[in-house]
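Inspection log for the structure reproduced underneath, given as structure tokens.
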Amino acid sequence: MELTSLAPELLQREKKERDFSLPPLPFAEKGKVITRFPPEPNGYLHIGHAKAAIIDYEYARMYDGKFILRFDDTNPENAHLDFYDAQKEDLHWLGVEWDTEYHTSDHLEMHYKLAEQLIKQRDAYLCKCTSEMIRAGRFNGKACDCREDRTGEEALDLWNDMLANPEVGGIFRLHGEMESDNTAMRDPTLFRVIEAKHPLTGDKYHVWPTYDFAGAVEDSISGVTHPFRTKEYELRDAVYFRILSLLNLRIPHLMEFSRLSIEGMPVSKRKIKPLIEQGLVTGFDDVRLPTLRGLKRRGIVPEAIKQFVLQQGFSKVESVVNFSLVESVNRKYLDSKVKRYYFVPDPVQLSVEDAPKKTVKLSLHPDGTMGERTIHTSSTFFIPKEDAQKMKIGDILRLKGLYNVKIVKTGDTLTGAFAGDELIPETFKIQWTTNDYIPLKIIVPGFIFKDEAYNPDSLHELQGYVEKAILGIPFGEIVQFERVGFVRLEKQKNDLVGIFAHK
RNA sequence: GCUCCCGUAGUGUAGCGGCCAAUCAUGAAGCCCUCUCGAGGCUUCGACUCGGGUUCAAAUCCCGACGGGAGCACCA
């Protein structure tokens, strides 16, 4: 073809590399974007939180802006002291760093002032109805008498009583639109009495703002320009905007994205808690759980989570992602960074007649950049049962990195004969250990949920021998056992245990 | 039930009127490479939910149906 000589570059098919940057943000100016991640300190962070935190953080970086960590601790019954720090640890591990940090509970006095303003404007009232009555009223779109009777001056007195004395009770409602199609607008609750002791403010306050109020006010006042939340809040947007406009506060550019869910891995506490209570999982850091702690133990690295999240992008499409997507990203990340060792699952003894005593240095990584470990061999080896069973008398196998062995006897144990050092092309190469091995258990996590129910078959074990050199590496490190997979090494009650990440 | 959101290969994603006989990843199958069944390279498989309309032109805009999800808390 003429083209081949005339313009060879046209024949080169260009491979478009997709960049995993987030789409541009509407109304965003360099240096002026402020985002926020607002967890409630009521549990450990999971992959869903990671999505939100990473998007918030990445957008702030993309626009040289600012990223705020705000603890939305406005319900003292849920907030627990331990989780403030636990969540910060999780974020640090993820590699998400914030510029400012505060608690919504720091700002209650301000919230009270704004509440007072709403009352004075007659945009809110105090409701004394029972929750059943309120629910029915909202369902039918009918206002209760409180809406007219406990408003203005009347409401201000009640409000002050409520602040002074929890016994007074009542709830503070927005004067919204009881007839609205959007049920969120039917006079939502903005403040209510909760007497539980708050982890930070103790019993100083007993009137607490709801999410609708606190979220909107905090976003606005803290200067957030682009707050993101998940789709299930979409109907509450109207409430958000209404509150801010009544209060004459700046209205941020609010956006929603879909929740991230992974097939076979429940994210909600509602589903995880029973598993813990029934002892079906070890805790929130169980290796089968998509909590950041679980993922970490399983050998999923933060860089992979980040790339995975960015690959998912920012959309409202509900999706149930397959965990293989996470594994794939993780594997590619680990491949160049992790040391190689030999682990022999289900070991079978192989005795080699006339075995030359050798001292070999095996590279810790195929690219040769990570040094090597030294192994002294004798005539006794162990190889995986799965491979041993395939051997027939006369077959030649290659002890990977060592030498060839010709099988002379099969059975419960194998006998072979030394068959030369040179690598014979096409020989079956298998990993091995000498009799100077260490027994190792590898935990293999599976999907904890199957068809929406607990999967009792979700945890497997692999017993085997590992070469002694493994003792040189620190707990917590991830290695690749050749021909087996990537495994994170962990200390459990003085024992070394492996946790299987993926192939 | 009412309201809102969403609908591109098995899964996830790009595209958002002509460059689309639709991108990339994942997955599966095969080949090459490699002293790993990993990584890398190559090939193949596989999708615009359906029906109307607007337009010279629709995956892209409009309407409807169907399917999925969410909300209807004194929880975030």
Side-chain angles (χ1 to χ4, degrees), chain A residues 15-20 23 38-42 72-75 77-79 104 127 129-131 134-135 138-141 169-173 180-186 188-194 207-212 214-215 229-238 256 258-263 269 307-308 310-313 315-329 331-336 338 340-342 362-363 365-367 384 386-387 398-404 422-431 480-486 502-503:
Chain A
K15 195 179 172 185
K16 284 182 219 154
E17 281 291 324
R18 220 181 112 213
D19 64 331
F20 296 113
E40 180 181 30
N42 69 339
D72 261 347
D73 53 353
T74 54
N75 185 338
E77 285 175 347
N78 292 348
T104 301
C127 185
C129 297
T130 62
S131 57
I134 291 172
R135 192 175 352 214
R138 302 188 73 208
F139 187 80
N140 299 317
I171 67 163
F172 180 108
R173 293 227 262 168
S180 173
D181 273 347
N182 181 352
T183 49
M185 282 297 280
R186 324 238 261 226
T189 300
L190 266 28
F191 289 86
R192 75 294 205 202
V193 172
I194 301 176
V207 174
W208 292 91
T210 57
Y211 171 81
D212 279 323
R229 36 155 55 155
T230 45
K231 256 186 23 159
E232 67 264 27
Y233 296 115
E234 252 177 329
L235 274 332
R236 317 208 71 85
D237 285 8
E256 271 101 10
S258 62
R259 271 186 107 120
L260 173 62
S261 51
I262 296 181
E263 205 181 339
K269 256 196 296 299
Q307 196 190 326
F308 166 72
L310 294 179
Q311 274 178 32
Q312 297 308 304
S315 89
K316 287 195 192 178
V317 187
E318 306 105 20
S319 52
V320 182
V321 184
N322 206 275
F323 196 66
S324 67
L325 254 24
V326 178
E327 292 181 347
S328 168
V329 176
R331 182 188 300 126
K332 281 165 194 169
Y333 184 85
L334 291 179
D335 194 76
S336 63
V338 135
R340 313 290 145 122
Y341 291 95
Y342 292 162
L362 296 175
S363 183
H365 193 279
D367 73 8
E386 198 187 330
D387 296 318
R398 172 82 174 175
L399 293 174
K400 192 171 181 294
L402 218 214
Y403 54 65
N404 309 316
E422 303 86 77
L423 185 63
I424 307 168
E426 311 285 300
T427 29
F428 194 42
K429 289 158 218 138
I430 60 188
Q431 81 278 25
Q480 189 205 36
F481 289 139
E482 297 199 41
R483 308 212 309 141
V484 175
F486 292 90
H502 44 71
K503 269 247 169 232

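Reminder, nothing fancy here: chain letters follow the sequence lines and each chain counts from 1. Quick caveat, the model's predicted, so the values are computed rather than measured.
Residue A/D387 is classed as a base contact, given a heavy-atom separation below 4.0 Å to a base. Among the atoms of the strands shown, only primed sugar atoms or phosphate atoms (P, OP1, OP2) are found under 4.0 Å from some heavy atom of A/R331. Nucleic acid contact class of A/Q480 (heavy atoms, under 4.0 Å, all strands): base. Using a 4.0 Å heavy-atom cutoff across all strands shown, A/V329 reaches no nucleic acid atom at all. Across all strands shown, A/G313 has no heavy atoms under 4.0 Å from either base or sugar-phosphate atoms. The residue A/S336 sits apart from the nucleic acid: no heavy atom pair falls under 4.0 Å. The residue A/K316 sits close only to the backbone: its heavy atoms come under 4.0 Å of sugar-phosphate atoms, none of a base. Counting non-hydrogen atoms under 4.0 angstrom, A/N78 reaches the backbone sugars and phosphates but no base.
Remark: C1' of B/A39 and NE2 of A/H502 are 12 Å apart, rounded to the nearest angstrom. A/I424 has its CD1 atom 15 Å from the P atom of B/C35, to the nearest Å. Following rounding to the nearest Å, A/E482 (CD) and B/U34 (P) show an atom-to-atom distance of 16 Å. One interatomic measurement links the two molecules: NZ of A/K231 to C1' of B/G68, which rounds to 9 Å at whole-angstrom precision. To the nearest angstrom, P of B/A76 lies 9 Å from OH of A/Y233. Between the CZ atom of A/F308 and the P atom of B/G12 there is a distance of 11 Å, given to the nearest Å. Straight-line distance from the CD1 atom of A/I430 to the P atom of B/G38: 17 Å, rounded to whole Å. Atoms CG (A/L260) and C1' (B/A70) sit 16 Å apart, rounded to a whole Å.
Side-chain atoms of A/I194 and A/E77, non-hydrogen and from C-beta on, do get closer than 4.5 Å to each other.
For the C1' atoms, the distance from B/C20 to B/A57 is 13 Å, rounded to whole Å. Nucleotides B/G64 and B/G30 place their P atoms 49 Å apart, quoted to the nearest Å. Distance check on atom C1': B/C74 versus B/C16 gives 43 Å, rounded to whole Å. B/G7 and B/U49 have their C1' atoms separated by 7 Å, given to the nearest Å. When the C1' atom is compared between B/G1 and B/U23, the two are found 42 Å apart, to the nearest whole Å. For the P atoms, the distance linking B/G17 with B/A59 amounts to 13 Å, nearest Å. Here the separation of B/A47 from B/A9, taken at their P atoms, is 9 Å to the nearest Å. Taking atom C1' in both B/G27 and B/G68, one finds a spacing of 23 Å when rounded to whole Å.
Mapped onto RNA chain B by nearest heavy atom, A/E318 and A/P366 fall at different nucleotides, with A/P366 at the one closer to the 5' end. Map A/D181 and A/E263 each onto its nearest nucleotide of RNA chain B; the residue landing nearer the 5' end is A/D181.
Looking at every heavy atom in both residues, A/W208 comes nearest to A/T74 through CB-O, 3.3 Å. Across all non-hydrogen atoms, the minimal contact from A/A214 to A/T104 is CB-CG2, 4.0 Å.
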Pairs under 3.5 angstrom, nitrogen or oxygen only, protein versus nucleotides 72-74 of chain B, please.
unit_1: B/C72; atom_1: O4'; unit_2: A/T183; atom_2: OG1; d: 3.2
unit_1: B/C74; atom_1: N4; unit_2: A/S131; atom_2: N; d: 3.4

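Remark: A/K269 engages no residue in a salt bridge (Lys or Arg N to Asp or Glu O under 4.0 Å) (not counting sequence neighbours). Every residue was checked against the salt bridge (Lys or Arg N to Asp or Glu O under 4.0 Å) condition with A/E40, not counting sequence neighbours, and none meets it. Scanning for salt bridge (Lys or Arg N to Asp or Glu O under 4.0 Å) contacts around A/E232 gives A/R259, with sequence neighbours left out. Not counting sequence neighbours, the partners of A/D237 by the salt bridge (Lys or Arg N to Asp or Glu O under 4.0 Å) test are A/R229.
The closest side-chain donor-acceptor pair between A/N182 and A/S180, if any, does not fall under 3.5 angstrom.
Under 3.5 Å, the side chain of A/D335 and the base of B/G38 form at least one donor-acceptor pair of N or O atoms.
Heavy-atom contacts from other residues, nucleotides or ligands closer than 6.0 Å to CZ of A/F139 number 12 or fewer.
Interatomic distance, A/T183 OG1 to A/R135 CZ, rounded to the nearest 0.5 Å: 13.0 Å.
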* Evaluate the side-chain contact (heavy atoms from CB on, under 4.5 Å) criterion for residues A/Y342 and A/K400: first the C-alpha distance (whole Å), next the side-chain angles of each, then the deciding distance (0.1 Å), finally the verdict. => CA-CA 9 Å; A/Y342 292 162; A/K400 192 171 181 294; 3.4 Å; yes
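Which of B/C35, B/A76, B/C6 sits closest to the side chain of A/V317 comes down to B/C6.
Looking at A/S261, its side chain does come within 3.5 Å of a backbone N or O of A/S319 through a donor-acceptor pair.
Between B/A76 and A/T74, a contact under 4.0 Å exists linking OP1 or OP2 to a side-chain N or O.
Stretches of at least 3 consecutive Watson-Crick or G-U wobble pairs, with each checked distance under 3.5 Å, appear in RNA chain B as B:1-7 with B:66-72, B:10-12 with B:24-26, B:27-32 with B:40-45, B:49-53 with B:61-65.
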